[in-house]
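In what follows, a single structure is set out as structure tokens and then discussed.
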Amino acid sequence: MIRLPSISLAYKAPRQAVGLLNSLRPALLSSSIRTTVSLPRTQLRTNMSGSAAFLEAVKARRSVYTISSDSTIPDEKIEEIIATAVKHAPSSFNVQSSRAVLLLGDEHKKLWDITIEVLKGLVPAEQFPTTEAKIKGFAAGHGTVLFFEDQESIKDLATRIPLYQDRFPTWSEHASGILQYIVWTALEAEGLGASLQHYNPLITPQVLATWKLPTSWALVSQLVFGKPTAPAGEKSFEPVEGKRFLTFGKK
């Protein structure tokens, strides 16, 4: 029997961790050993081929509303995830109109204080305590990612390619949705819980003014995240095959 040393995989060095596992693979394959590497929800599934690992992350992504101000990964890793997603998320004609702002600490709390103040003048008094409690739940998280679409980039694209000018705003929304999903799923894969909120356009003027952002940036959504303190609720599914997904021409 081969005894393997205990393996500690740190979030800060995922590539090194993969390399360590790969270096051990020949010993594992040549021996009748059954070993388990214990990790948080971020698991390195080296035995998954092709799309399997990606689809596991897709299935694991859920709306998590009960979160704390703790994080399962360093803020630098969160920045890396968002920057990578912004760079590589596709967009129509490669216009790259999506923008993102990460709010942490007091800046994160400031966003939800702004939201409470805005809603206070709009929500009926008898309903406001419930609304306020909900917003404070978001403020209790670790951070928020603000997603925007730069309208100047979209207008410029319409000028250059007028044939599709009426379609670019819709395609811009598609690109933003892809970016949001990438970030959301990646944070989930790192053990964080998140939920997507839409308090725009109500808070858009205050957001642009507070963080001195370009007025051409249209706020699309707010992804609030933190360490989960309770699991996501049950989720039901409508039938897929024959109703939501069809195939033609299969041989």
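Computed from heavy atoms alone, side chains included, the values below leave out hydrogens, waters and symmetry copies.
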Quiz item: With respect to D150, which candidate in Q96, R99, K155 satisfies the side chain to side chain donor-acceptor pair (under 3.5 Å) definition?
Solution: R99

Exercise. Find the distance between OG1 (T72) and CD1 (I78) and round it off to the nearest 0.5 Å.
Key: 7.5 Å

Quiz item: Side chains of V101 and F147: does their closest heavy-atom pair fall under 4.5 Å?
Solution: no

Self-check item: Atom pair OG1 (T159) and CD (Q165), whose distance is rounded to the nearest 0.5 Å
Solution: 8.0 Å

Quiz item: Cut-off 3.5 Å, side chains only: do S176 and Q180 have a donor facing an acceptor?
Solution: yes

Practice problem: With sequence neighbours excluded, tell me which residues meet side-chain hydrogen bond (donor to acceptor under 3.5 Å, both in side chains) with R61. | Solution: none

Exercise. Starting from the C-alpha separation in whole Å, work towards a yes-or-no answer on side-chain hydrogen bond (donor to acceptor under 3.5 Å, both in side chains) for S69 and H142.
Key: CA-CA 4 Å; S69 60; H142 183 74; over 6 Å; no

Quiz item: Got a sec, which pairs hit salt bridge (charged side-chain N to carboxylate O under 4.0 Å, His left out) with one end in residues 240-251, sequence neighbours left out?
Solution: E238-K243

Exercise. Answer with yes or no whether the hydrophobic clustering places L122 together with I135; edges join I, L, V, M, F, W, Y residues whose side-chain heavy atoms lie under 4.5 Å apart.
Key: yes

Quiz item: About how many Å separate CZ of F138 and OH of Y199, when rounded to the nearest 0.5 Å?
Solution: 4.5 Å

Quiz item: For V224 and W112, which heavy atoms make the closest approach, and how far apart are they?
Solution: CB-CZ2, 4.1 Å

Quiz prompt | I81 and I73: CA distance, side-chain angles, deciding distance, side chain to side chain contact (heavy atoms under 4.5 Å, CB included) verdict | solution = CA-CA 11 Å; I81 288 171; I73 54 177; 4.1 Å; yes

Exercise. Run the numbers on K136 and I116 for side chain to side chain contact (heavy atoms under 4.5 Å, CB included), then give the verdict.
Key: CA-CA 8 Å; K136 286 185 176 180; I116 287 177; 4.0 Å; yes

Quiz item: Are S71 and L192 close enough that some pair of their side-chain heavy atoms sits under 4.5 Å apart?
Solution: yes

Practice problem: Considering non-hydrogen atoms only, spot the tightest contact between L104 and G143 and give its length. | Solution: CD2-CA, 4.1 Å

Quiz prompt | Same apolar cluster: Y181 and L223, side chain cutoff 4.5 Å | solution = no

Self-check item: F225 side, atom CZ; I67 side, atom CD1 - distance, nearest 0.5 Å
Solution: 8.5 Å

Quiz prompt | Taking every non-hydrogen atom, the tightest pair across T215 and L208 | solution = CA-CD1, 4.1 Å

Exercise. Heavy atoms only: give me the nearest A139-H108 pair and the separation to one decimal.
Key: O-NE2, 3.1 Å

Quiz item: Just checking, any donor-acceptor pair under 3.5 angstrom between side chains of E107 and W211?
Solution: yes

Practice problem: Give the cluster check for V86 versus L187: same hydrophobic cluster or not, with ILVMFWY residues linked at side-chain heavy-atom distances below 4.5 Å. | Solution: yes

Quiz prompt | Common cluster, V220/L213, ILVMFWY with side-chain heavy-atom separation under 4.5 Å | solution = no

Quiz prompt | Contact summary for S97 and S153, nearest pair of heavy atoms | solution = CB-CB, 4.0 Å

Quiz item: Do you see a donor-acceptor pair shorter than 3.5 Å between the side chains of S221 and H198?
Solution: no

Quiz item: Out of curiosity, S98 OG to W217 CH2, how far, rounded to the nearest 0.5 Å?
Solution: 11.0 Å

Exercise. Calculate, to the nearest 0.5 Å, the distance between atoms CD1 and OG1 belonging to I203 and T115 respectively.
Key: 4.0 Å

Quiz item: Hey, what else clusters with F168 if you join Ile, Leu, Val, Met, Phe, Trp, Tyr whenever side-chain heavy atoms sit under 4.5 Å?
Solution: F93, V95, I154, L157, I161, L163, Y164, W171

Quiz item: Does K227 offer a backbone N or O that forms a donor-acceptor pair with the side chain of D70 under 3.5 Å?
Solution: no

Quiz prompt | Electrostatic pair D156:R160 at N-O distance under 4.0 angstrom | solution = yes

Quiz item: Is the number of heavy atoms from other residues, nucleotides or ligands within 6.0 Å of CG (D166) greater than 12?
Solution: yes

Exercise. Side-chain contact test, heavy atoms from C-beta onward, threshold under 4.5 Å: evaluate it for S195 versus V64 and give yes or no.
Key: no

Quiz item: If we only count heavy atoms from C-beta on, is the L146 to L111 side-chain gap below 4.5 Å?
Solution: yes

Self-check item: Exercise: do S172 and E149 side chains pair donor with acceptor under 3.5 Å
Solution: yes

Quiz item: Is there a donor-acceptor contact under 3.5 Å linking the side chains of T204 and Q206?
Solution: no

Quiz item: Given side chains that start at C-beta, do those of K110 and T210 come closer than 4.5 Å, heavy atoms only?
Solution: yes

Practice problem: For residues L196 and W184, determine if any side-chain heavy atom of one lies less than 4.5 Å from a side-chain heavy atom of the other. | Solution: yes

Quiz item: How close do G193 and E188 get, heavy atom to heavy atom, and via which atoms?
Solution: CA-OE1, 4.4 Å

Quiz item: Would a 4.5 Å heavy-atom cut-off, applied to side chains only, mark H88 and I182 as touching?
Solution: no

Practice problem: Give the intermediate values and the outcome of side chain to side chain contact (heavy atoms under 4.5 Å, CB included) for residues T144 and Q197. | Solution: CA-CA 10 Å; T144 303; Q197 304 303 318; over 6 Å; no

